[in-house]
2 protein chains.
Amino acid sequence: MGVTKTQVFTDKQNRIADLAKALAHPARIAIIQHLLKEKSCVCGDLVEVLPLAQATVSQHLKELKNIGILHGEINPPRVCYCINETVWQEAKAIFGEIFETEITQQCCN
Amino acid sequence: MGVTKTQVFTDKQNRIADLAKALAHPARIAIIQHLLKEKSCVCGDLVEVLPLAQATVSQHLKELKNIGILHGEINPPRVCYCINETVWQEAKAIFGEIFETEITQQCCN
DNA sequence: AATTCTCATCGTATATTTACGATTGAATCG
DNA sequence: CGATTCAATCGTAAATATACGATGAGAATT
């Protein structure tokens with residue numbers, strides 16, 4: 001995309017947007033769903049589950065790691081991924097806060 | 001970005017990703033927050049609130065309209081925007097479902 | 001009819017995203 | 001040591017996103 005003018009928004013707005021961006025791809029949703037459901041969280045398993053090349057899966061994992069949602073643990077010769085509970089709770093709270101708002105106003109009357 | 005291979009993912013995974021993508025920019029978060037908080041939802045008000053050009057705001061509004069989160073009501077010479085409660089509830093349910101999952105497994109032990 | 005107001009759209013420059021093959025790095029196995 | 005395995009990274013092509021000035025469309029006002 002182009003350059004997002006992050007500096008003109010609040011830290012919180014930027015954080016919400018970043019967390020949402022991490023969820024803004026079906027492959028990453030699939031990765032998260034898999035990690036929530038299965039015990040196995042080895043990278044190779046994800047490559048089998050997802051119909052994407054290994055390099056692409058690795059790239060998606062990197063994004064999820066960068067935002068903090070996942071962390072990987074090297075367990076040679078494999079790498080085990082799991083959800084970072086702290087960030088997961090943060091995301092849960094942030095989205096929960098947004099959606100808890102009741103839509104009171106009937107706009108445009 | 002590149003081409004997302006949407007056809008290899010489930011409809012639900014794609015829908016979640018699309019809704020997340022709508023939230024994946026601080027300007028759109030700011031727009032939604034404003035619409036949740038204020039009564040006024042006229043486009044011009046948003047242009048004043050956001051430190052972005054009118055064309056840019058209009059573009060963000062269009063994206064939120066496309067995904068269904070907002071709808072606009074022409075009220076000459078203004079356009080009044082409001083949150084589409086149906087889609088809002090859908091998003092609330094979808095994200096709620098994801099985050100309600102308990103993280104049981106202590107991965108990589 | 002001309003002006004003004006509000007907002008959408010066009011055109012465009014630039015940056016980022018997605019995807020994949022190829023390669024590299026690290027560690028185990030034979 | 002050489003071969004193999006697993007995963008990250010590199011390099012790259014193509015598509016998409018962001019931002020903004022300029023222009024266009026529609027309606028009310030002067």
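Numbers restart at 1 for each chain; the letters A, B, ... are given by sequence-line order, proteins then strands.
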K.L.:
Mind checking B/L52 for me? I need base, sugar-phosphate or nothing, with any heavy atom below 4.0 Å counting as a touch.
P.N.:
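B/L52: backbone/sugar contact only, no base atoms under 4.0 Å.
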K.L.:
Does any donor-acceptor pair link the side chain of A/Q59 with the base of D/dA8 at a separation under 3.5 Å?
P.N.:
no
K.L.:
Within less than 4.0 Å of OP1 or OP2 of C/dT18, is there a side-chain N or O belonging to A/R28?
P.N.:
yes
K.L.:
Checking B/L36 against B/Q33 for the side chain to side chain contact (heavy atoms under 4.5 Å, CB included) test, could you report, in this order, the C-alpha distance in whole Å, the side-chain angles of both residues, the deciding distance, and whether it holds?
P.N.:
CA-CA 5 Å; B/L36 286 172; B/Q33 287 174 334; 5.6 Å; no
K.L.:
What residues form a side chain to side chain donor-acceptor pair (under 3.5 Å) with B/Q89, not counting sequence neighbours?
P.N.:
none
K.L.:
Charged N to carboxylate O under 4.0 angstrom, B/R15 versus B/E90?
P.N.:
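So B/R15 pairs with B/E90 through a salt bridge.
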K.L.:
Atom CD of B/E48 to atom C1' of C/dT6: distance rounded to whole Å?
P.N.:
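It is 12 Å, rounded to the nearest whole Å.
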K.L.:
How many whole angstroms separate atom CD of A/E73 from atom P of C/dA27?
P.N.:
15 Å
K.L.:
Quick one: what's the B/S/- string for nucleotides 21-30 of chain D, heavy-atom cutoff under 4.0 Å, read 5' to 3'?
P.N.:
BB----S---
K.L.:
Nearest whole Å is fine: how far is D/dT5 P from A/N75 CG?
P.N.:
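In whole Å, D/dT5 P lies 19 Å from A/N75 CG.
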K.L.:
Tell me whether the rings of A/F99 and B/W88 are parallel (<30°), tilted (30 to 60°) or perpendicular (>60°).
P.N.:
tilted
K.L.:
Please figure out whether B/P51 or A/L61 has its closest DNA chain D nucleotide nearer the 5' end.
P.N.:
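Nearer the 5' end of the strand: A/L61.
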K.L.:
Considering just the side-chain nitrogens and oxygens of B/H60, establish if one lies under 4.0 Å of OP1 or OP2 belonging to D/dA19.
P.N.:
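For B/H60, the contact criterion (side-chain N or O under 4.0 Å from OP1 or OP2 of D/dA19) is met.
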K.L.:
Under a 4.0 Å N-O cut-off, is there an ion pair linking A/E85 with A/K92?
P.N.:
no
K.L.:
Between A/S58 and A/T6, which is nearer to the 5' end of DNA chain D once each is assigned its nearest nucleotide?
P.N.:
A/S58
K.L.:
So which pairs with a foot in residues 45-59 of chain B pass side chain to side chain donor-acceptor pair (under 3.5 Å), sequence neighbours left out?
P.N.:
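Found B/S40-B/D45.
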K.L.:
How many whole angstroms separate atom NZ of A/K62 from atom P of C/dA19?
P.N.:
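After rounding, the reported distance stands at 16 Å.
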K.L.:
Starting from C1' on D/dC20, measure out to CG on B/L50 and report it in whole angstrom.
P.N.:
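Those two atoms, CG and C1', are 15 Å apart.
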K.L.:
Report the distance from atom CG of A/D45 to atom C1' of D/dA7, rounded to the nearest whole Å.
P.N.:
13 Å
K.L.:
Does B/K5 place a side-chain N or O at less than 4.0 Å from the phosphate oxygens OP1/OP2 of C/dC20?
P.N.:
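Looking at the OP1 and OP2 atoms of C/dC20, one of them is under 4.0 Å from a side-chain N or O of B/K5.
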K.L.:
Got a donor-acceptor contact below 3.5 angstrom from the B/R78 side chain to the B/V42 backbone?
P.N.:
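No, the answer is negative, given that no donor and acceptor are paired below the 3.5 Å cut-off.
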K.L.:
Regarding B/V57, tell me which of base, sugar-phosphate or nothing describes its non-hydrogen contacts under 4.0 Å with the strands shown.
P.N.:
nothing
K.L.:
By nearest nucleotide on DNA chain C, pick out whichever of B/F9 and A/I74 is the more 5' one.
P.N.:
B/F9
K.L.:
To the nearest angstrom, how far is A/E63 atom CD from C/dA19 atom P?
P.N.:
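These atoms are roughly 10 Å apart.
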K.L.:
Which whole-number value in Å describes the distance from A/K21 NZ to D/dT16 P?
P.N.:
17 Å
